[in-house]
> 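Below are the structure tokens for one structure; questions will follow.
Just so it is clear, the values below take in all heavy atoms, side chains as well, and ignore hydrogens, waters and symmetry mates.
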Amino acid sequence: MSTAGLPDPGVALAELARLALSAGIAANPAARACTERLAGRTLAIETLQARFIIHFEPGAVRVETGDAPADATLRGSPGAVAATLAGTEETAATLGDTTLFEDFRDSFRPRLDLPGQYVLEDLGDIVRMGMKAVESAVEGLANAMGKRRDP
């Protein structure tokens, strides 16, 4: 849903998701393997007035907006969606194939394995900070759309 003169938040979130997921696939063998396992399946993310669908393809993802059905759906406020994706809280609703969602979340979780050390959690913190920035931007856009009055 878009208000005249304001960008569609779903399109912006879909593009942000596409860029982040593509970077994850390039940097993370677990994410690449996940796209192979989930090829032909879909995951929808719904927050506020935005909905986008992740289409898994071998070694890649395609992200689009729309109301098409999905195998799994993650639905909630921007904060709940970000927390559920990060694995810090399970506050967003997961509908449909929860196993698909869990595989996606676990495989795309940022990780950097170093010899003799555990996974660097700092990388996860950076991603969470980025998600908070996205959440803030989406909430600001939603507030602007709600306060806008057409003449």
> Return yes if some donor-acceptor pair links the side-chain N/O of Thr84 with the main-chain N/O of Ala92 below 3.5 Å, else return no.
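Checked: pair present.
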> Suppose we screen for ring pair (Phe, Tyr, Trp, His ring centres under 6.0 Å). Which residues come up paired with Phe104, at least two apart in sequence or across chains?
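Scan of Phe104 (ring pair (Phe, Tyr, Trp, His ring centres under 6.0 Å), adjacent residues dropped) gives Phe56, Phe108.
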> Can you list, pair by pair, the side-chain donor-acceptor contacts under 3.5 Å of residues 71-82, counting residues two or more places apart and other chains?
| residue | atom | partner | partner atom | Å |
| --- | --- | --- | --- | --- |
| Asp71 | OD2 | Arg41 | NE | 3.4 |
| Asp71 | OD2 | Thr42 | N | 2.8 |
| Asp71 | OD2 | Thr42 | OG1 | 3.4 |
| Arg75 | NE | Glu46 | OE1 | 2.5 |
| Arg75 | NH2 | Glu46 | OE1 | 3.1 |
| Ser77 | OG | Ala80 | N | 3.1 |

> Check Arg51 against Ala68 and note the closest heavy-atom contact, atom names and distance.
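Closest approach of Arg51 to Ala68: NH1-O, 3.0 Å.
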> Pick out which of Leu38, Leu43, Ile25 makes a side-chain contact (heavy atoms from CB on, under 4.5 Å) with Val61.
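That would be Ile25; it is the only one of Leu38, Leu43, Ile25 passing the side-chain contact (heavy atoms from CB on, under 4.5 Å) with Val61.
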> Can you tell me how far the CD atom of Glu64 sits from the NE2 atom of His55, to the nearest 0.5 Å?
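Glu64 CD to His55 NE2: 3.5 Å, rounded to 0.5 Å.
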> Could you tell me whether Arg18 and Glu15 have a side-chain N and a carboxylate O separated by less than 4.0 Å?
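Yes, this pair counts.
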> Over all heavy atoms of both residues, which pair between Ala30 and Arg37 is shortest? Give the atoms and the distance, please.
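Taking Ala30 first and Arg37 second, the nearest heavy atoms are O-NH2, 4.4 Å.
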> After noting the C-alpha distance and the side-chain angles of Thr47 and Phe52, does the key distance pass the side-chain contact (heavy atoms from CB on, under 4.5 Å) rule?
CA-CA 9 Å; Thr47 185; Phe52 61 91; 5.9 Å; no
> Does the side-chain contact (heavy atoms from CB on, under 4.5 Å) test come out yes or no for Glu102 and Thr94, once each step is laid out?
CA-CA 10 Å; Glu102 290 167 1; Thr94 306; over 6 Å; no
> Could you tell me which non-hydrogen atom of Leu85 sits nearest to which non-hydrogen atom of Arg105, and how far apart they are?
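What the structure gives for the nearest pair is O-CG, 3.2 Å.
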> Distance check, rounded to the nearest 0.5 Å: Ile45 atom CD1 versus Phe101 atom CZ?
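Taking CD1 in Ile45 and CZ in Phe101, the distance rounds to 6.5 Å.
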